[in-house]
> 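Right, I'll just put the structure down here and ask away after.
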Amino acid sequence: TITDCYATGTVTNSGSGSYVGGLVGSPSTRDHITSTFYYNESTPCRALGSSQDILSNVFILQSASYAGAAGGVELSKEAFEHGEATYLLNGGAEHGTVWTNGTVHPVLGDETTAALYEVSVKPKSVGTKATATVNLPDGYWVSGDSLIGYRAYVPAGTEISLLFGGAEAVQLTVSPEDALSAVNGSYTAAVQGDIRVVYWLEDEKDLPDVSWYSPTASSFTIRTEQE
């Protein structure tokens, strides 16, 4: 078992075989790799040199072309640098502290490591006419776009503000319900845990609901006909 590790070295294949992987070249079905990543911009690789169902919570740097056979959830360079990879390696909503942000990718933390929390601001439906803006203190990064929504990863106590716009009053679903405070047409929060906001316009309430989607998830729970 390999857990809570990472590799950044250059990977080359000097032999006749094709078992090239960022983490393991020729894995066994008895192996298991979890909460681990491979990161190298010059030799982007899949995690494994052969296809085996042995990975859990494993990430690789997003690339237009890869060596290697299979494995690893693709994350952008920005996601590795600005907290999303750290949050996911720490178990997402489990809010672990094994990993912390490094300069260009997560590194192993220590007893001073603080948990990161996810701020998720998503449209309820594709093509909504409502707009959202997420404002963070300097040094923090907002990922995503108006189609899939916005995400940020910050420690407890971080002050955020949200601004919504549209042809009519924007409707919100917020979890936890008391996470946001309305101030002069915008919303503010001092982050103390994960915050999830879904927004839409009243005349869009019957459109298909795609707010459940996440680009880093491999499975989803669909609960309603709209979803």
Side-chain angles (χ1 to χ4, degrees), residues 35 57 59 73 75-76 78-79 82-99 101 113-137 140-227:
S35 298
N57 208 35
F59 304 95
V73 175
L75 294 178
S76 68
E78 292 79 11
H82 294 291
E84 184 170 8
T86 302
Y87 177 84
L88 294 170
L89 286 163
N90 278 327
E94 295 176 7
H95 305 128
T97 55
V98 172
W99 296 89
N101 288 344
T113 298
L116 292 182
Y117 298 98
E118 180 183 63
V119 178
S120 171
V121 182
K122 295 183 176 183
K124 183 178 180 180
S125 58
V126 175
T128 180
K129 295 178 182 179
T131 61
T133 302
V134 182
N135 296 306
L136 302 175
Y140 295 105
W141 173 72
V142 179
S143 68
D145 54 40
S146 59
L147 182 63
I148 64 172
Y150 303 94
R151 302 180 307 282
Y153 300 89
V154 297
T158 302
E159 299 281 346
I160 66 168
S161 67
L162 309 177
L163 184 65
F164 299 94
E168 57 186 89
V170 177
Q171 308 296 309
L172 302 179
T173 299
V174 182
S175 178
E177 292 182 358
D178 60 351
L180 300 181
S181 299
V183 179
N184 296 326
S186 66
Y187 295 84
T188 64
V191 174
Q192 298 299 329
D194 289 345
I195 297 175
R196 185 174 188 266
V197 180
V198 177
Y199 63 93
W200 73 96
L201 298 180
E202 180 62 27
D203 62 3
E204 299 170 344
K205 63 182 180 180
D206 295 324
L207 293 178
D209 185 347
V210 296
S211 62
W212 47 267
Y213 175 74
S214 168
T216 58
S218 57
S219 62
F220 305 94
T221 300
I222 306 300
R223 298 182 177 88
T224 67
E225 185 176 350
Q226 269 190 301
E227 294 176 341

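Starting from 1, each residue takes its place in the sequence as its number.
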> With no hydrogens and no angle check, is any side-chain donor or acceptor of Glu118 less than 3.5 Å from a backbone partner on Gly92?
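Absent.
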> Do Pro123 and Tyr199 come within less than 4.5 Å of each other through their side chains, counting heavy atoms only?
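When only atoms from C-beta onward are counted, Tyr199 and Pro123 do touch, with a gap below 4.5 Å.
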> What's the verdict on ring pair (Phe, Tyr, Trp, His ring centres under 6.0 Å) for His82 and Tyr153, showing C-alpha distance, side-chain angles and the deciding distance?
CA-CA 8 Å; His82 294 291; Tyr153 300 89; over 10 Å; no
> So, does Ser125 use its side chain to make a donor-acceptor pair with the main chain of Thr128 at under 3.5 Å?
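No.
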> So Asn101 and Leu116, do their side chains get closer than 4.5 Å, heavy atoms only?
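Side-chain contact under 4.5 Å: yes.
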> Please give me the minimum heavy-atom distance between Pro155 and Tyr117, naming the atom from each residue.
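Here Pro155 and Tyr117 meet closest at C-CD1, 4.2 Å.
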> Check the pair Ser211 / Arg196 against side-chain contact (heavy atoms from CB on, under 4.5 Å), numbers first and verdict last.
CA-CA 10 Å; Ser211 62; Arg196 185 174 188 266; 3.6 Å; yes
> Taking all non-hydrogen atoms of both residues into account, name the closest pair between Tyr150 and Ala132 and its distance.
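Residues Tyr150 and Ala132, closest heavy atoms: CE1-O, 3.8 Å.
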> Name the one of Thr131, Leu201, Leu172 that satisfies side-chain contact (heavy atoms from CB on, under 4.5 Å) with Phe164?
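Result: among Thr131, Leu201, Leu172, Leu172 is the only option passing the side-chain contact (heavy atoms from CB on, under 4.5 Å) with Phe164.
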> Taking all non-hydrogen atoms of both residues, which atom of Leu163 and which atom of Ser186 are closest, and how far apart?
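Scanning both residues, the minimum pair turns out to be CD1-CB, 4.0 Å.
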> Does the side chain of Val98 come within less than 4.5 Å of Leu89's, by heavy atoms?
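No, too far: nothing below the 4.5 Å cut-off.
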> Side chains of Leu75 and Leu88: does their closest heavy-atom pair fall under 4.5 Å?
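Yes; the side chains approach each other to less than 4.5 Å.
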> Work out which heavy atom in Val170 is nearest to a heavy atom in Ala130; give both atom names and the distance.
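Nearest pair, atom of Val170 first, then Ala130: CG2-CB, 4.1 Å.
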> Are the side chains of Lys124 and Glu204 in touch, meaning some heavy atoms are under 4.5 Å apart?
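Contact flag for Lys124/Glu204 side chains = no.
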> Under 4.5 Å between any side-chain heavy atoms of Glu84 and Arg151, yes or no?
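Glu84 reaches Arg151 side chain to side chain.
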> Roughly how far, to the nearest 0.5 Å, is the CH2 atom of Trp200 from the CG atom of Asp206?
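Answer for the CG-CH2 pair, Asp206 versus Trp200, is 11.5 Å.
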> If you compare all heavy atoms of Thr97 against all heavy atoms of Ala115, which two are closest, and at what distance to 0.1 Å?
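Minimum heavy-atom separation between Thr97 and Ala115: CG2-N, 3.7 Å.
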> With rounding to the nearest 0.5 Å, note down the distance linking OG1 in Thr133 to CG in Leu162.
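It comes to 9.0 Å.
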> Just wondering, do Tyr87 and Asp194 contact through their side chains at under 4.5 Å, heavy atoms?
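Sidechains of Tyr87 and Asp194: in contact.
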> Grab the two heavy atoms, one from Val154 and one from Thr158, that are nearest each other, plus how far apart they are.
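Residues Val154 and Thr158, closest heavy atoms: CB-OG1, 3.5 Å.
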